[in-house]
Asker: 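Handing you this structure, nothing more for now.
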Number of protein chains: 2
Amino acid sequence: MAKQGRRTEVLEAAIRLFSARGYHGTSVREIADALGMGSGSIYAHIESKEDLLFEVVDQAAERFVTAVRPIAGGPGPAAGKLRQALIAHAEVVAASRDAATVFLHEWKALSPERRAAVAAKRDAYEELYAGIIRQGVAEGRFRAVDEKFARLLVLSAGNWLYEWYDPAGPMGPAEVAERFADLILQGLQRKETGRGRPSV
Amino acid sequence: MAKQGRRTEVLEAAIRLFSARGYHGTSVREIADALGMGSGSIYAHIESKEDLLFEVVDQAAERFVTAVRPIAGGPGPAAGKLRQALIAHAEVVAASRDAATVFLHEWKALSPERRAAVAAKRDAYEELYAGIIRQGVAEGRFRAVDEKFARLLVLSAGNWLYEWYDPAGPMGPAEVAERFADLILQGLQRKETGRGRPSV
DNA sequence: CCTACCGATCGGTAGG
DNA sequence: CCTACCGATCGGTAGG
């Protein structure tokens with residue numbers, strides 16, 4: 001418990017520092033300093049700096065997949081699933097914003113094999129959204145849009161959250177997600193404007 | 001011309017390397033190597049590594065603002081401007097993807113003063129989109145959505161482009177931008193589905 | 001633009 | 001978890 005707890009503290013310090021300064025911009029000494037340790041002592045808890053990065057990135061990827069998978073595979077119409085998936089995504093960002101930042105920003109610093117492992121998880125995550133969109137089109141509730149672009153629009157909004165969302169701010173993650181979901185589902189343009197084709 | 005051309009080569013090498021490995025992950029020696037120079041010789045062209053980063057980031061920011069400002073300030077309905085702005089944005093990414101990556105990824109590595117200068121340009125850029133959206137709402141062509149979220153949705157799609165868009169791929173930047181614009185303007189959901197409120 | 005070099009810092013190890 | 005230390009590499013400078 002003590003050793004396990006200390007290891008968690010090392011992870012948490014790494015998340016904070018990697019998020020703020022980047023992987024290459026953070027030294028092992030800085031992580032050790034944050035815990036009041038000597039710079040060599042940290043190797044009692046980790047094997048290498050890159051192991052630490054992988055653990056942070058992989059855990060973050062896992063959190064997203066775990067949160068959204070049951071929604072995508074669950075019952076109900078696609079629009080509701082899309083809304084719930086976005087809420088779940090935003091909640092993960094709100095709860096682990098620094099880890100999400102490291103996941104999205106620093107995976108390139110991993111070795112090729114580990115990068116591939118993370119890419120596989122990210123692909124699996126994106127496929128959850130693709131499935132929801134295909135379902136909506138198949139149900140006839142969504143327009144027959146290109147699935148790839150609909151998925152990219154949703155993921156762009158979700159993935160960009162870490163850049164601007166402040167968990168300490170006035171708006172909760174669910175509220176933020178609902179607004180994006182409304183916009184994505186209903187569009188920016190008024191429906192009754194113009195007759196037939198949209199004005200531009 | 002010779003010296004000026006060489007300096008441009010230094011910038012271009014820095015863009016490529018900063019984009020691929022990050023600012024802190026790239027050494028001055030690697031940039032010099034890419035140009036077949038000794039590691040000290042690069043200081044005949046630049047004053048410091050951070051100066052180099054600032055120049056790359058600032059130039060990229062300038063490209064986006066320059067491309068979109070005339071559209072936002074020009075004539076015509078908001079929907080058309082939004083479409084044109086997204087196309088212009090995608091064209092900048094297509095033409096300078098690595099520079100856009102450095103701009104969006106590495107600005108945190110700048111000194112506080114320079115970071116503030118870049119943030120000001122980024123804010124000005126975002127304001128261009130805010131203006132277009134306000135215009136659309138004022139015209140009655142856009143739904144009375146929260147301007148902030150509409151702007152964030154557009155910018156998220158645009159800013160995430162550098163992560164997945166391949167300029168060498170089959171789809172041109174204008175085509176990509178048009179698809180996003182259609183989705184954002186019209187929404188994912190069919191209009192005639194359900195009566196009254198959307199199904200979820 | 002080169003050669004030669006600077007002090008500082010890097011990730012990591014040894015031995016306790 | 002500490003102290004002491006390793007070779008390698010860092011950004012940058014001097015003198016030509």
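Chain letters run A, B, ... following the sequence lines, proteins first and then strands; every chain starts at 1.
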Asker: State whether A:R16 and A:E12 are salt-bridged, where the test is any N-O pair (Lys NZ or Arg NE/NH1/NH2 against Asp/Glu carboxylate O) under 4.0 Å.
Answerer: no

Asker: Which residues in residues 17-28 of chain A have a heavy atom closer than 4.0 Å to any atom of DNA chain D?
Answerer: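 The answer is none.
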
Asker: With A:R122 as the cation and A:W107 as the aromatic partner, state whether NZ or CZ is under 6.0 Å from the six-membered ring centre and within 45° of the axis.
Answerer: yes

Asker: Can you give the donor-acceptor pairs under 3.5 Å from side chains of residues 31-44 of chain A to other protein atoms, not counting sequence neighbours?
Answerer:
none

Asker: Going by the side chain to side chain donor-acceptor pair (under 3.5 Å) test, which pairs reach into residues 155-164 of chain A, not counting sequence neighbours?
Answerer: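 For residues 155-164 of chain A, and leaving out neighbouring residues, the side chain to side chain donor-acceptor pair (under 3.5 Å) pairs sorted by first residue read A:H105-A:Y162.
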
Asker: Mapping A:S39 and B:M37 onto DNA chain C by nearest heavy atom, which one lands closer to the 5' end?
Answerer: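 This one resolves to B:M37.
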
Asker: How long is the straight-line distance from CG of A:D51 back to CG of A:L110, given to the nearest 0.5 Å?
Answerer: 10.0 Å

Asker: Using Watson-Crick pairs (N1 to N3, plus N6-O4 or O6-N4) and G-U wobble pairs, both distances under 3.5 Å, which stems of at least 3 pairs involve DNA chain C?
Answerer: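 Counting only runs of 3 or more consecutive pairs, the stems involving DNA chain C are C:1-16 with D:1-16.
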
Asker: For residues A:V68 and A:L128, report the shortest heavy-atom separation together with the two atoms involved.
Answerer: CG1-CD1, 3.9 Å

Asker: Quick test of your reading of the model: are B:R143 and A:D182 salt-bridged, counting only N-O distances below 4.0 Å?
Answerer: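 No salt bridge links B:R143 with A:D182.
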
Asker: Would you call A:R151 and A:E127 a salt bridge, taking side-chain N to carboxylate O under 4.0 Å as the test?
Answerer: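 No.
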
Asker: Which is the 5'-most and which the 3'-most nucleotide of DNA chain D that has an atom under 4.0 Å from a heavy atom of chain B?
Answerer: D:dC10 to D:dT13

Asker: Side chains of B:V176 and A:F149, heavy atoms from C-beta outward: is any pair under 4.5 Å?
Answerer: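 Yes, at least one pair of side-chain atoms sits under 4.5 Å.
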
Asker: Please output the side-chain donor-acceptor pairs of residues 52-59 of chain A that fall under 3.5 Å, not counting sequence neighbours, one pair per line with the distance.
Answerer:
from: A:E55; atom 1: OE1; to: A:R7; atom 2: NH2; distance (Å): 2.2
from: A:E55; atom 1: OE2; to: A:R7; atom 2: NH2; distance (Å): 2.8
from: A:D58; atom 1: OD1; to: A:K121; atom 2: NZ; distance (Å): 2.9
from: A:D58; atom 1: OD2; to: A:K121; atom 2: NZ; distance (Å): 3.2

